[in-house]
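Only one structure is covered here, and it is reproduced in the block below.
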Amino acid sequence: MWTGILVSVSASVLFAAMYYLAPWLAPLDGEQIFGWRVLCTLPFTSLILLARKQWPRVHTMALHALRNPAWGLALCASAALLGVQLWLFLWAPLQGRALAVSLGYFLLPLVMVIAGRLLFSERLSPLQWAAVLLAALGVLHEILLSGALSWETWLVALGYTVYFVARRKLGTDHLAGHWVDMALLVPPALWYVLRTPASTSLFAGHPHLWGMVPALGAVSAVALALYMAASRLLPLGLFGLLSYVEPILLALAALLLGERLSGAQWLTYAPIFAAVGVLVLDGALCMRASTGTVSP
């Protein structure tokens, strides 16, 4: 159990480290960083796929796409959804929008809860309904304060939900499916890396990029491997609860990068933080009930 917890937290720390270190990749812009991340992550992910002997799944998916072009197009759309998120994750810290993206990650579990209710008829517990209402209060306050939540927040909260739902519908919610998504992103990644002016020309004047860019791929792949390992080592409920560590670390990284919350913005974040706390409590109670440690 403790090994799984350590693995899960380590994955969240590595994702947050990527977030915090993104400005160190300057003068690369968000699109170039996206390209290098895909190109440097795929070889490491391929090694993990080999180690876990999941290449036959990739072959099966390729044959299915050839026999069913509509499914293949849906697979391309799934990859595009992931690509947008990979770009946004490292673009936001460069643009001073890290807090807006971290808020999206706080809202994501709540949006997923609603999607599960609407699309898969999953029942919501009273505490989950309370969490949804609390999050709605935070969203309503932000809309009253600034007219709307930022597009970055919505893109994470809604975009990732659509992506996860699509993977479930397509039956690609496994490591091989993730590898295929990454492989399909290679052409746009090459475009951004080699476009004029080619980002490779920046390496000569900025030697730190020779170490930072490969490190980005290695950290990205290791974080994914740890995340996948945690999903196997931990009970599903505890794994879900530990997923809240990442947005907390992302928000801290944003503050360390110099972003600040105004007094009024705390009234947006506080109900959403409270909603996350309610979901954590609900998950903990469900875990205790499932292990029989709660008296009837």
Side-chain angles (χ1 to χ4, degrees), residues 15 18 29-46 48-49 54-92 97 100-101 103-105 107-122 149-195 217 220-221 223-224 227-228 231 243 246:
F15 283 126
M18 290 170 56
D29 61 25
E31 289 75 21
Q32 291 167 332
I33 294 174
F34 158 77
W36 281 113
R37 180 183 181 184
V38 171
L39 296 178
C40 292
T41 299
L42 190 59
F44 292 101
T45 305
S46 300
I48 296 168
L49 199 73
Q54 290 205 24
W55 278 111
R57 273 189 166 183
V58 174
H59 183 255
T60 300
M61 291 175 64
L63 289 178
H64 188 48
L66 290 173
R67 294 168 182 165
N68 188 341
W71 189 85
L73 287 174
L75 200 61
C76 292
S78 169
L81 289 169
L82 175 63
V84 169
Q85 298 299 333
L86 295 181
W87 163 77
L88 181 63
F89 187 82
L90 294 175
W91 171 88
R97 303 299 298 164
V101 169
L103 179 58
Y105 280 97
L107 284 174
L108 177 59
L110 298 157
V111 176
M112 292 286 286
V113 166
I114 297 172
R117 178 69 181 91
L118 296 178
L119 300 177
F120 301 105
S121 300
E122 296 176 359
L149 287 178
S150 72
W151 65 268
E152 297 97 340
T153 300
W154 284 121
L155 187 55
V156 171
L158 297 180
Y160 253 133
T161 299
V162 173
Y163 172 67
F164 289 133
V165 169
R167 293 190 74 195
R168 180 178 292 192
K169 293 287 188 180
L170 291 169
T172 60
D173 49 346
H174 44 70
L175 180 59
H178 175 76
W179 185 92
V180 170
D181 280 344
M182 294 293 289
L184 289 172
L185 291 174
V186 167
L190 284 171
W191 166 259
Y192 286 126
V193 166
L194 300 176
R195 69 181 183 182
S220 180
L224 170 66
Y227 186 77
M228 295 289 182
S231 69
S243 69
E246 184 179 342

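All values below were derived from every heavy atom in this structure, side-chain atoms included, with hydrogens, water molecules and symmetry-related copies excluded.
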Between the CH2 atom in Trp179 and the CG atom in Leu184, the distance rounded to the nearest 0.5 Å is 8.5 Å
The reported gap from CH2 in Trp36 to CG in Leu190 (rounded to nearest 0.5 angstrom) is 9.0 Å
Closest heavy-atom pair, Ala100 versus Ser150, reported as atoms and distance to 0.1 Å, is CB-OG, 3.4 Å
Taken in chain and number order and not counting sequence neighbours, the residues that satisfy side chain to side chain donor-acceptor pair (under 3.5 Å) with Arg97 are Glu152
Correct closest heavy-atom pair for Ala176 and Val58 would be CB-CG2, 3.9 Å
Between Leu88 and Leu155, the two heavy atoms sitting closest are CD2-CD2, 3.8 Å
Evaluate the side-chain proximity of Leu82 to His178: yes if any heavy-atom separation is below 4.5 Å, no if none is.
yes
Rounded to the nearest 0.5 angstrom, the CG-CG distance for Asp181 and Leu42 is 11.0 Å
Rounded to the nearest 0.5 Å, the CD atom of Gln54 sits from the NE2 atom of His174 at a distance of 7.5 Å
Across all chains, not counting sequence neighbours, the side-chain contact (heavy atoms from CB on, under 4.5 Å) partners of Phe44 are Ala218, Ala221
The reported gap from CZ in Arg167 to CG in Leu81 (rounded to nearest 0.5 angstrom) is 11.5 Å
If we only count heavy atoms from C-beta on, is the Ile48 to Leu175 side-chain gap below 4.5 Å?
yes
Spell out, as yes or no, whether a donor-acceptor pair under 3.5 Å connects the side chain of Gln32 to the backbone of Asp29.
-> yes
d(Leu39 CG, Phe34 CZ) to nearest 0.5 Å is 8.5 Å
#### Entry: Side-chain heavy-atom pair Phe89, Arg37 within 4.5 angstrom cut-off
yes
For Ser78 and Leu170 the tightest heavy-atom approach is CB-CD1, 4.2 Å
Note: Gly72 and Ala65 closest approach over all heavy atoms is CA-CB, 3.9 Å
- Task: Classify the angle between the aromatic ring planes of Trp151 and Trp91 as parallel (below 30°), tilted (30 to 60°) or perpendicular (above 60°).
- Result: tilted
Is any side-chain heavy atom of Trp71 less than 4.5 Å from a side-chain heavy atom of His64? yes
